[in-house]
Amino acid sequence: MAPRPLLLFTTTLSLALPAAGALLLSTYLYNYPLSASKSRTIKTSSSLSPTSSSAPSLKIINPRAYPQNSFTDSCLITLSKSEVRNLTDEEILARFLGGFFGGWIFMPEKGIISLFRLFGRPMIAVGFTGVPMNGKQILSPSAIEMEKLPEKGTVLLGGNFMVLDAQLKGRAKEDEGWEGEGGESFVEVGFGDDRKGFAGMHRFEVLRLSDSTDGKGEEVGGENGGEGKEGGGVQLWYSSVSCNPRENKLPFPKWVFGFHEFYAQCLFRDGVREVLRI
């Protein structure tokens, strides 16, 4: 088991340095990877998405469910039907996952992961009680497919992340738009270890909007001023939770999570850009 000072150092390095690099690039990022107008539609929150609070993976990363040991945040953007085109839920999530881990902002963290790999170890080894570690290995973000999600149990980026769960609800019908069971499609990626002092999860979700509703929940095409608006589309959520599975306190000082919030928003933008890319 790694000593706590080493765990604190490696985690602070993985969160603070990439975030500091992202801060230096903030002017550049204002119009890249998303336009300023599109960036202004992103909503952020200090809580998880409505469906994330009941995610089964929360019991894996935080089995004792201490009330004051977690830090949460989320980002939300609504994309129109024309923006997502005929992409299936799986393709949207796969593109987002590839952009999240393969974009410009993740490059410093990717470099740190590669540096640790030279010494034969992960940056922060992922592992959870009762969860097998013998799944498929994906070593590089570039190896994440853009049309197919990694299977449950896949170990990502040299043992630093792991796919804990995934669910697909909707599918595209050729030339006929979308149909599905309803509800959200999602993929959950865990990090850290519930047997140590730090664990967490990234959850990426797609929620389809009905053809009669726009991104604000307002009716379209009716007699109430909705004519001309485009219905349908998707809500794309990113939720993150970091916790101390062993004690009823946060795993790191609050200032570390201040860096994380900005860093996560930049990663979110990279993921959205990949979804929008034609």
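Nothing here was measured: the structure is a model prediction, and the numbers come from that model.
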So Phe71 and Val241, side chain to side chain contact (heavy atoms under 4.5 Å, CB included) or not? Walk me through it. CA-CA 6 Å; Phe71 180 89; Val241 55; over 6 Å; no
Rounded distance [0.5 Å steps], OG in Ser242 versus CG in Asp73: 7.5 Å
Exercise: identify the closest heavy-atom pair between Phe128 and Gly192: CZ-O, 3.7 Å
Evaluate the ring planes of Tyr238 and Phe100, with Trp represented by its six-membered ring, and classify them as parallel (under 30°), tilted (30 to 60°) or perpendicular (over 60°). tilted
Where the side chain of Thr154 meets the backbone of Pro150, is there a donor-acceptor pair that is under 3.5 Å apart? no
Nearest-0.5 Å distance, CD of residue Glu261 to OG of residue Ser74: 10.0 Å
A quick test of your reading: do over 12 heavy atoms of other residues, nucleotides or ligands sit less than 6.0 Å from CD of Gln137? yes
How about Phe106 and Leu157: do any of their side-chain heavy atoms sit closer than 4.5 Å? yes
Side-chain contact test, heavy atoms from C-beta onward, threshold under 4.5 Å: evaluate it for Glu109 versus Tyr263 and give yes or no. yes
Does a donor on one side chain sit under 3.5 Å from an acceptor on the other, for Asp194 and Asn62? no
CD-CG distance between Gln167 and Leu93, expressed to the nearest 0.5 angstrom: 10.5 Å
Using 0.5 Å steps for rounding, measure from the CZ atom of Phe262 to the CG atom of Leu267. 10.5 Å
Starting from the C-alpha separation in whole Å, work towards a yes-or-no answer on side chain to side chain contact (heavy atoms under 4.5 Å, CB included) for Ile42 and Phe268. CA-CA 9 Å; Ile42 296 174; Phe268 181 76; 3.9 Å; yes
Are Asn160 and Leu156 close enough that some pair of their side-chain heavy atoms sits under 4.5 Å apart? no
Treating Arg273 as the side-chain partner and Phe96 as the backbone partner, does any N or O pair qualify as donor plus acceptor under 3.5 Å? no
Non-hydrogen atoms of Arg95 and Arg85 that approach each other most closely: NH1-NH2, 3.8 Å
Tightest non-hydrogen contact, residues Pro245 and Ile61, listed as CG-O, 3.6 Å
Side chain proximity check, Arg208 to Ile92, heavy atoms < 4.5 angstrom: yes
Less than 4.0 angstrom from a charged side-chain N to a carboxylate O is my criterion; do Lys38 and Glu83 meet it? yes
Start with the C-alpha gap between Val187 and Asp165, add the side-chain angles, then the distance that decides, and say whether side chain to side chain contact (heavy atoms under 4.5 Å, CB included) holds. CA-CA 6 Å; Val187 58; Asp165 201 4; over 6 Å; no
Heavy-atom pair with the smallest gap, counting every atom of Ser239 and Leu48: CB-CD2, 3.8 Å
Taking the six-membered ring for Trp, are Phe252 and Phe257 parallel (under 30°), tilted (30 to 60°) or perpendicular (over 60°)? tilted
Report yes or no: does Ser185 contribute a side-chain atom to a donor-acceptor pair with the main-chain N or O of Lys169 at less than 3.5 Å? yes
Within-4.5 Å side-chain heavy-atom neighbours: Glu188 and Ser52: no
When hydrophobic residues are tied together by side-chain contacts of less than 4.5 Å, even through go-betweens, does Val163 share a cluster with Met123? yes
Measuring from Phe191:CZ to Ser240:OG, what's the distance to the nearest 0.5 Å? 4.5 Å
Check: Val126 and Met133 side chains under 4.5 Å, non-hydrogen atoms: yes
Please report the shortest heavy-atom distance between Ser47 and Thr72, naming the atom on each side. CA-OG1, 3.7 Å
Note: Met201 and Ala55 closest approach over all heavy atoms is CE-CB, 4.4 Å
Applying side chain to side chain contact (heavy atoms under 4.5 Å, CB included) to Val206 and Phe186, what does each step give before you reach the verdict? CA-CA 6 Å; Val206 172; Phe186 66 82; over 6 Å; no
Are Ile144 and Ile113 grouped together when hydrophobic residues (ILVMFWY) are joined by side-chain heavy atoms under 4.5 angstrom apart? yes
Is the shortest side-chain heavy-atom distance between Leu236 and Val272 below 4.5 Å? yes
Find out if a path of hydrophobic residues (ILVMFWY) with successive side-chain heavy-atom gaps under 4.5 Å connects Val189 to Val155. no
Spell out, yes or no, whether Leu34 and Leu97 are grouped together once hydrophobic residues are joined by side-chain heavy atoms under 4.5 Å, including indirect joins. yes
If we ignore hydrogens and angles and just use 3.5 Å, is the side chain of Glu91 paired with the main-chain N or O of Thr88 as donor and acceptor? yes
So if you build clusters from Ile, Leu, Val, Met, Phe, Trp, Tyr with side-chain heavy-atom gaps below 4.5 Å, do Leu168 and Leu164 land together? no
For a 4.5 angstrom cut-off between non-hydrogen side-chain atoms, does Ile77 reach Lys43? no
Output for pair (Met162 CE, Ser57 OG), nearest 0.5 Å, gives 10.0 Å
Flag the pair Arg203 and Glu205 as a salt bridge only when some basic side-chain nitrogen lies within less than 4.0 angstrom of an acidic carboxylate oxygen. yes
